[in-house]
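The structure appears below as structure tokens.
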There are 4 protein chains.
Amino acid sequence: MVTNERPLRSDARRNRAKLLDVAERVFAEKGTSASTEEVARRAGVGIGTVFRHFPTKGDLLEAVFVARLRRLADEADRLAESADPGEAFFTFFAQMVRSAPEKNALSEALAAAGVDVTETASPIKDAFRTSVSTLLERAQRAGAVRADIGFAEVITLLVSASHGAEHSFTAPDVQSRALAVVLDGLRPRTGG
Amino acid sequence: MVTNERPLRSDARRNRAKLLDVAERVFAEKGTSASTEEVARRAGVGIGTVFRHFPTKGDLLEAVFVARLRRLADEADRLAESADPGEAFFTFFAQMVRSAPEKNALSEALAAAGVDVTETASPIKDAFRTSVSTLLERAQRAGAVRADIGFAEVITLLVSASHGAEHSFTAPDVQSRALAVVLDGLRPRTGG
Amino acid sequence: MVTNERPLRSDARRNRAKLLDVAERVFAEKGTSASTEEVARRAGVGIGTVFRHFPTKGDLLEAVFVARLRRLADEADRLAESADPGEAFFTFFAQMVRSAPEKNALSEALAAAGVDVTETASPIKDAFRTSVSTLLERAQRAGAVRADIGFAEVITLLVSASHGAEHSFTAPDVQSRALAVVLDGLRPRTGG
Amino acid sequence: MVTNERPLRSDARRNRAKLLDVAERVFAEKGTSASTEEVARRAGVGIGTVFRHFPTKGDLLEAVFVARLRRLADEADRLAESADPGEAFFTFFAQMVRSAPEKNALSEALAAAGVDVTETASPIKDAFRTSVSTLLERAQRAGAVRADIGFAEVITLLVSASHGAEHSFTAPDVQSRALAVVLDGLRPRTGG
DNA sequence: GATGAATGAGACTTCATTCAT
DNA sequence: AATGAATGAAGTCTCATTCAT
């Protein structure tokens, strides 16, 4: 089935992309309570244009989150093709957490992914879930990750760790060691 | 050092306590964007009274956080007296995380504790740091907690895990397993 | 039963009255689509003050209508005490229609009265209904008004005629003659 | 006198007619505050097309009114040929009022007719005036309608009664009796 | 001529904060 | 000290109108 939405005019498509891009940056800097006006201003468009593309501030936020999820799923897919499943999984986890500080509210995006699977069936959320699950299962089969956790636990930990990492005042080495703790916890208990 | 603030009139003292109590509940229920007006209403005082005690909404939020910290430090002190240092530490950690959901934004309070040490030297923050550090060091000396982390890492993990736990839509058993991962990560590596 | 709303502070009462007064004039001049901002400006208060007294524009409009109804009911009561029931009724009807031009949307207030009796049971609407009904019944008993109509028909005609009269471009004598037609129609058919 | 406007391209003519048709329905349903955008959407054209045909929302509204007037004038003309002048007049009056509910704001169209004679000399308005006047005069000559009123009074009453009838919450039988009152008022006084 | 994206003034509403009572 | 009315900046959203495609 083909969607019946005709493709946007080129200028509109450009504006939409620009808005999404700017919005991501603005929300990263000031949190999700940043005003729609500021997004419009920094994108160089009128406030009405924002509204046309995203009828509600919530819609704009959701679009930003979805865009992020899409990129994260892509990254997971890329890593899934690597030779070492364990390394692939831990790399993905660590990368996400390390990139969190520069994108405030990434954790919300992730949380949204974990949640709405039950409510709004969104293709992107499904794709993200599939990509991460694949990464996880391969690592578990390879014995690199403990077997008693699933997608939900991984997301919860990812959300948590990302959130912790968003607080820029924590020193980088503290972040590293805290992350190491979580990663160690994800490994199977040796000599258990 | 003695503060030069004269003691509050008895009704004022009562109002202040009541406000703090109500504010904690309100912010827990609706997040920190709940209105000052609602706090006043539910405390049964005029809005002017809130601002007399806490000249700024930020001041009110901080006071709530400090009150929480004080209670947490007390709890840490109580546990520090128990016989098993390892169990004391893990109990403290788990208790805090499990109680997070019912106090929205607790993580912010904790984050604030980690932070402001550099800015505002607050006696309560210092006390909290001392209490938790004691708990940690005893557990480490007893070999129950890995030795390569300190107060900062623990707080970061606590903030993270609490935040993850605040999202009520995650199932309790998922929360438990995610918490278990972090706790396991905190233990020394066996057979290393 | 006493309402549990404590009386307004004197300055608030003054402002409320002023706002109602100004709002009535503004809506009369520009129709009900006049902005709340303009009401605030002409009342010499901040926009927030309007909101405090009338949380919604709809609330403000309703308050204006209710105030009008109250005055109309009072006028009906005053006339009900006059010696000639027929004259009382026709005077009331004519007065209302003649005063309509200077209060745009009076008809809406009246329509509201006719309507909401079924929905929102408002004391003022009930009072208005009672007052006008009394006036009507006395005139009918005196043989001055045809017997086959009731309150509902009178209100409908009043609303209609008032609306017609609101269009200021119609010459006064045309208005008079049109009103005369309606009044004649209300009289019992002679020699029927 | 010939207008120097070149004839519209066939698709443009079709669009114009469609727009007028849709606009009448939309304004009837939602009142004149319905958005121009909705008219465009339901007509299946771009918003730009609406503004090309009617440079202003006011222009669109006026065009709708004019179209209505034209149809009303036609109806008046048709009735003017019937045998009974009195019945023709009353039928016309009653028909208009009865059809008012389904065309919200018809009264405004009529009011516009009464008015703009002085401002914009529109052929259609003149035609309407002539048609209704003819209907009225014939009925008066036949003794079916009182002689002391003219076109202006009839329009005023028509506008009034139509407005009253537009309020859908009034029961149909109430409407009927109210209309009967006006019609009776239009008849010559018997036994005067 | 048709299209629909962009515009931006302006409407309503919220809320932290001030200040007269 | 307490009160709560007043304030007004700021936020979200709407919509008539313009203009590049």
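Numbers restart at 1 for each chain; the letters A, B, ... are given by sequence-line order, proteins then strands.
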Study note, to complete from the structure: Pairing string of DNA chain E (Watson-Crick or G-U wobble, both atom distances under 3.5 Å; | = paired to other strand) is .||||||||||||||||||||
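- Dashed line: the shortest gap from a side-chain N or O of Thr49(D) to OP1 or OP2 of dT3(E) is under 4.0 Å.
- Applying the side-chain contact (heavy atoms from CB on, under 4.5 Å) test to Ala43(B) and every residue at least two apart in sequence or in another chain returns Lys18(B), Leu19(B), Val22(B), Val45(B).
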Check your understanding: What string of B, S and - do you get for nucleotides 12-21 of chain F, 5' to 3', if B is base contact, S is sugar-phosphate-only contact and - is no contact with any protein heavy atom under 4.0 Å?
Key -> BBB-SBB---
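- Here Asn15(B) reaches the OP1 or OP2 of dA2(F): one of its side-chain N or O atoms lies under 4.0 Å away.
- Every residue two or more places apart in sequence or in another chain was checked for a side-chain contact (heavy atoms from CB on, under 4.5 Å) with Ser33(C), and none qualifies.
- Between Glu38(B) atom CD and dG4(F) atom P the separation is 17 Å, expressed in whole Å.
- In this view, Asp11(A) and Arg9(A) satisfy the side chain to side chain donor-acceptor pair (under 3.5 Å) rule, not counting sequence neighbours.
- Checked against side-chain contact (heavy atoms from CB on, under 4.5 Å), Ser35(A) has the following partners two or more places apart in sequence or in another chain: Glu37(A), Glu38(A).
- Between Leu60(A) atom CG and dG11(F) atom P the separation is 14 Å, expressed in whole Å.
- For dA2(E), one of the phosphate oxygens OP1 or OP2 lies less than 4.0 angstrom from a side-chain nitrogen or oxygen of His53(D).
- Distance, Arg52(C) CZ to dA16(E) P: 14 Å, rounded to whole Å.
- Between the C1' atom of dT7(E) and the CZ atom of Arg41(A) lies a distance of 16 Å, rounded to the nearest Å.
- Look at NZ on Lys18(D): it is 15 Å from P on dA2(E), rounded to the nearest Å.
- In this structure Asp21(A) satisfies the side chain to side chain donor-acceptor pair (under 3.5 Å) test together with Arg25(A), sequence neighbours excluded.
- Taken from CZ in Arg71(C) to CD1 in Ile124(C), the straight-line distance is 13.0 Å, to the nearest 0.5 Å.
- Atoms CG (Leu61(C)) and P (dA11(E)) sit 14 Å apart, rounded to a whole Å.
- Every pair tested for salt bridge (charged side-chain N to carboxylate O under 4.0 Å, His left out) that includes a residue from residues 46-58 of chain C fails, sequence neighbours excluded, so the list is empty.
- When side chains are defined from C-beta on, Leu61(B) does not count as touching Phe54(B), because their heavy atoms never get closer than 4.5 Å.
- Applying the side-chain contact (heavy atoms from CB on, under 4.5 Å) test to Pro55(C) and every residue at least two apart in sequence or in another chain returns Phe51(C), Asp59(C).
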